[in-house]
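Below is one structure, written out as structure tokens; comments come after it.
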Amino acid sequence: MVDNKDDFEYSERGVSEDGPHSEEEATVLSVILEGSVRRGITAMLRPRLNTSNVWRLASRPMSKVAMSRQEPHTELSFDRLQVNLKIVKQRLNRPLTYSEKVLYSHLDDPKGQEIERGTSYLKLRPDRVALQDATAQMALLQFISSGLPRVAVPSTIHCDHLIEAQLGGEKDLARAKDINKEVYEFLASAGAKYGLGFWKPGSGIIHQIVLENYAFPGALIIGTDSHTPNGGGLGALAIGVGGADAVDVMADIPWELKCPKVIGVHLTGEMSGWTAAKDVILKVAGILTVKGGTGAIVEYFGPGVKSISCTGMGTICNMGPKLERQLPSFPTMNGWMSI
């Protein structure tokens, strides 16, 4: 959360109940959590991903709501997402996982979009863009060259990557402000002109700020930081991308993503003793290896999820990119997914 409003600047100018069950559906790994993460990993088919209640909660007829307390005038139309999702469900005529519901509800053309896991390329409309200061420079220069008066979606700039750890917090921050003074002034002025929020040096780490201030169930967020999936701790589908992808979204161009496959991780038992959320992702990483998650969504679900906190889920999501995933991770009330 933002304890000091001076850290942030913003300019107005500027799964279904019965889960996957076809041969192309999720491969499920059952991870047993009873005091520790056991070695027993069982491959299963036809998991029960009861995530519909979460989606109904997010899509109640409130029509439009503010996307963040930092930006009370930015609105998200849940009605539009619900309409898109209904179209996709009628077309596919099969149950959808929570991750698919979030992803497909953000399709640019839900009626004509080809949807085939691992094959087709989806054109999506993300809800938000987050830029870290190192890549934001070129991204903003590219956006400026588009000639557009302001960004098309809520976007923020976060000054954290250019701070080098050498002498200690205060000294390192002061040194970064001195060395990167011109960069920070450019990012702040460009943000004010084109409608991006600006988180100044010292305000925090980008992926934690996104989790605490911008993430919510059902959101599709892209960020130019590999740990953007940390936003999955609060149910968002948060994905790390390159600067060019971020520019496309800010310029109102659909974002292209290869339709992901799905891997399910069924968690049973509960966390206890010295067990930590990090043990879960380390176990999964040991099974899938650094390439096992490429091009796939990894969905965590089951009774074992109940004993994992929001920050614990964020930890698992944050380490998700180590499996070479294209997408991040995110929780639901009855289960959560890591992409």
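- Applying the ring pair (Phe, Tyr, Trp, His ring centres under 6.0 Å) criterion to F143, with sequence neighbours excluded, gives Y194.
- The shortest side-chain heavy-atom distance between W199 and I209 falls under the 4.5 Å cut-off.
- Within the 3.5 Å criterion, the main-chain N or O of V183 finds no donor-acceptor partner in the side chain of N180.
- Among residues two or more places apart in sequence or in another chain, the salt bridge (charged side-chain N to carboxylate O under 4.0 Å, His left out) test is passed with E182 by none.
- The salt bridge (charged side-chain N to carboxylate O under 4.0 Å, His left out) test applied to K181 returns E185, not counting sequence neighbours.
- Under the 3.5 Å distance criterion, the side-chain polar atoms of D160 are left unmatched by any main-chain donor or acceptor of I205.
- Residues satisfying the side-chain hydrogen bond (donor to acceptor under 3.5 Å, both in side chains) test with K278, not counting sequence neighbours, are none.
- Within the 4.5 Å cutoff, side-chain heavy atoms of L85 are placed close to those of L96.
- A donor-acceptor pair is defined here as one N or O able to donate and one able to accept, closer than 3.5 Å; no such pair exists between the side chain of T275 and the backbone of M271.
- A donor-acceptor pair under 3.5 Å is absent between the side-chain atoms of T315 and the main chain of M313, judged by distance alone.
- Salt bridge annotation for E164-R175: present, with a cationic side-chain nitrogen under 4.0 angstrom from a carboxylate oxygen.
- One side chain, N230 or Q208, offers a donor N or O that lies under 3.5 Å from an acceptor on the other.
- At a threshold of 4.5 Å between non-hydrogen side-chain atoms, the residues L140 and I157 count as touching.
- Two residues are said to be in side-chain contact when any heavy atoms from C-beta on lie closer than 4.5 Å; I297 and K261 fail this criterion.
- Considering only residues two or more places apart in sequence or on other chains, Y121 meets the side-chain contact (heavy atoms from CB on, under 4.5 Å) condition with E256, K258.
- Between the side chains of D127 and H106, a donor-acceptor pair is found at a separation under 3.5 Å.
- Not counting sequence neighbours, R91 has no partner by the salt bridge (charged side-chain N to carboxylate O under 4.0 Å, His left out) test.
- Inspection of the D172 and Q166 side chains reveals no N or O donor paired with an N or O acceptor under 3.5 Å.
- Screening residues 165-192 for ring pair (Phe, Tyr, Trp, His ring centres under 6.0 Å), with sequence neighbours left out, gives no hits.
- Counting heavy atoms from C-beta outward, C159 and L187 have side chains that approach closer than 4.5 Å.
- If you check the side chains of H266 and T268, you find no donor sitting under 3.5 Å from an acceptor.
- With a 4.5 Å cut-off on side-chain heavy atoms, W255 and V249 count as touching.
- With sequence neighbours excluded, the residues that form a salt bridge (charged side-chain N to carboxylate O under 4.0 Å, His left out) with D252 are R125.
- The backbone N or O of T224 sits less than 3.5 Å from a side-chain atom of Q132, completing a donor-acceptor pair.
- Proximity of T74 to V153: side-chain heavy atoms (C-beta onward) are nowhere separated by under 4.5 Å.
- For D133, the side-chain hydrogen bond (donor to acceptor under 3.5 Å, both in side chains) criterion is met by no residue, not counting sequence neighbours.
- Q70 places no side-chain N or O within donor-acceptor distance of the main-chain N or O of N213, the cut-off being under 3.5 Å.
- Checking side-chain atoms of E71 against main-chain N and O of H73 turns up no donor-acceptor pair under 3.5 Å.
- A donor-acceptor pair under 3.5 Å links the side-chain atoms of D279 to the main chain of A276, judged by distance alone.
- For the side-chain hydrogen bond (donor to acceptor under 3.5 Å, both in side chains) test, no residue two or more places apart in sequence or in another chain qualifies with S146.
- Counting Ile, Leu, Val, Met, Phe, Trp and Tyr side chains that sit under 4.5 Å apart, directly or through other members, I87 shares a hydrophobic cluster with V83.
- By the side-chain hydrogen bond (donor to acceptor under 3.5 Å, both in side chains) test, E170 is found to be paired with no residue, residues two or more places apart in sequence or in another chain being considered.
- For E299 and T97, the side-chain atoms include at least one donor-acceptor pair closer than 3.5 Å.
- Taking 4.5 Å as the limit, some side-chain heavy atom of L122 sits within range of a side-chain heavy atom of L103.
- If you check the side chains of D225 and H161, you find a donor sitting under 3.5 Å from an acceptor.
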From CA spacing to verdict: side chain to side chain contact (heavy atoms under 4.5 Å, CB included), I163, L173: CA-CA 6 Å; I163 303 174; L173 178 59; 3.8 Å; yes
